[in-house]
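Below is one structure, written out as structure tokens, with a few remarks after it.
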There are 2 protein chains.
Amino acid sequence: MYRITELARQFGLSRSTLLYYDRVGLLSPSGRSGADYRLYSPADRARLETICAYRKAGLTIEDIRSLLAMEGDDTSEVLRRRLKELGEDIRDLQVKQRLLAGMLRITAAGGPHADMDKETWIAMLRAAGMDDAAMERWHVEFERRAPEAHHRFLISLGINETEALLIRKLSAGAGKGKEENRRTDVFQP
Amino acid sequence: MYRITELARQFGLSRSTLLYYDRVGLLSPSGRSGADYRLYSPADRARLETICAYRKAGLTIEDIRSLLAMEGDDTSEVLRRRLKELGEDIRDLQVKQRLLAGMLRITAAGGPHADMDKETWIAMLRAAGMDDAAMERWHVEFERRAPEAHHRFLISLGINETEALLIRKLSAGAGKGKEENRRTDVFQP
DNA sequence: GCTAAACCGTGAAGCGGTAGTCGGGTCAAC
DNA sequence: GTTGACCCGACTACCGCTTCACGGTTTAGC
């Protein structure tokens, strides 16, 4: 059995937080001491562990309550909804980033890579010693191992859909040894 | 002169919001009608326009107050600070995305690289002909040109916060020519 | 046995940035 | 003079806690 501050410290929480969880009925200690102190059992501890995991994913208290209530039946719907929300929240923040960057007249921070664009990326690889042929091998390898990630990556550099598909097609073709498809200029236009 | 609800609607705000702005002294109407109604002048309107622009960038009321107080002298510091905060907030959300995706056993749809991990990435660069030294030069270059994007990139490969910060620190140090920091094993452990 | 520190309890208030609601006053049109 | 749209100030609610206040309990050392 753990006392409140002891348990709180185990999870990096404050005593107040556990008091709050008790008040809202999310986690109530299963016992009390003679002096009416809260006593948490190992089962309570396990429940708190789950709660913390969900909280770290940004789920609301209400969401967590319902997740704990339905005991692993169909948790996925709530989680999926939260995942969607997160995506929207991130996009909102990215919009704000762009607005602010505009005010500062900084190169607009756009996609997932924000201040990264095709030119910067290529310059970096070149600085590391890659030449055109190496970059082509790299695209081929990327397309072979993770075509979807390859696509997302190209988009994140600000390359448009059409051009991204073209690059991928050439990478796929080159991987099969078709010599006539050698057009390194597409990779570094 | 505009009345409160009229002005609120022009900016897609609620009446309550303008009442609040008045209460906290962010935007007070320059006049009152005979019936003590708030009357906003065109100058008030212009001020509100600025306020809305800043709010859309997610600045706090306090930030906006100080920005308006110093009348365009050195706004950039506050804005830059907010931009940094936004980057951190986005990273926090992306961490949550990954945690949730893990719970759903989905290949993280959130990160820019999704089904990409550190091992695959390194294998790809090696296949393209990069050696350890080249990879280190690349990290150094990445850190120098786009530190935030570098961080996001490392996180997207599934590298944890602590290790990402370590790699960046070493990259930054190596960029300044500190030979004793040469520890390529950190980049490919 | 005494004291001090560290713990425990309860209850209330506060944070930000609104949204909404209340009872009552004001205005223009019919 | 009445209807209905608008306005007023003041209030409450939201989330996930945190902080404060005040008093009782446990623990350690002397």
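Proteins come first, then strands; the chains are lettered A, B, ... in the order of their sequence lines, and each starts at number 1. Here the structure is a predicted model, which means the values were calculated and not measured.
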Query raised in the report: How does the hydrophobic cluster around Y37(A) look, that is, which other residues are in it when side-chain heavy atoms under 4.5 Å mark a link?
Result: none
Query raised in the report: Can you tell me how far CD of E136(A) sits from CG of D131(A), rounded to the nearest 0.5 angstrom?
Result: 10.5 Å
Report task. Please examine the side chains of F11(A) and T17(A), heavy atoms only from C-beta on, and report whether any two atoms are closer than 4.5 Å. Result -> no
Query raised in the report: Between the side chain of D63(A) and the main-chain N/O of V78(A), is any donor-acceptor distance below 3.5 Å?
Result: no
Query raised in the report: Can you list, by residue number, the residues of residues 7-26 of chain B that have a non-hydrogen atom closer than 4.0 angstrom to DNA chain C?
Result: S14(B), R15(B), S16(B), T17(B), Y20(B), Y21(B), R23(B)
Report task. Could you list where the contact with chain B starts and ends along DNA chain D, reading 5' to 3', using a 4.0 Å heavy-atom cut-off? Result -> dC7(D) to dG9(D)
Query - CG-CG distance between D92(A) and L86(B), expressed to the nearest 0.5 angstrom - result: 11.0 Å
Requested in this report: Sort and list the pairs that fulfil salt bridge (charged side-chain N to carboxylate O under 4.0 Å, His left out) and have at least one residue in residues 7-29 of chain B, not counting sequence neighbours.
Outcome: D22(B)-R38(B)
Query raised in the report: Which heavy-atom pair separates A128(B) from M130(A) by the least distance, and what is that distance?
Result: CB-CE, 3.8 Å
Report summary line: In numerical order, the residues of residues 52-59 of chain A whose heavy atoms come under 4.0 Å of DNA chain D are R55(A)
Query raised in the report: Which pair of heavy atoms, one from Y40(B) and one from S28(B), lies closest together, and at what distance?
Result: CE2-C, 4.5 Å
Report task. Ignoring hydrogens and angles, tell me if any N or O in the side chain of R47(A) forms a donor-acceptor pair with the backbone of L26(A) under 3.5 Å. Result -> yes
Query raised in the report: When rounded to the nearest 0.5 angstrom, what distance separates CG in L18(B) from OH in Y2(B)?
Result: 13.0 Å
Query - Strand-adjacent residues in residues 28-38 of chain B, judged by heavy atoms under 4.0 Å from DNA chain C - result: A35(B), Y37(B)
Report task. Nearest 0.5 Å please: distance from the CE atom of M70(A) over to the CD atom of E77(A). Result -> 7.5 Å
Query - Side-chain donor or acceptor of R55(B) paired with backbone N/O of L59(B) under 3.5 Å - result: yes
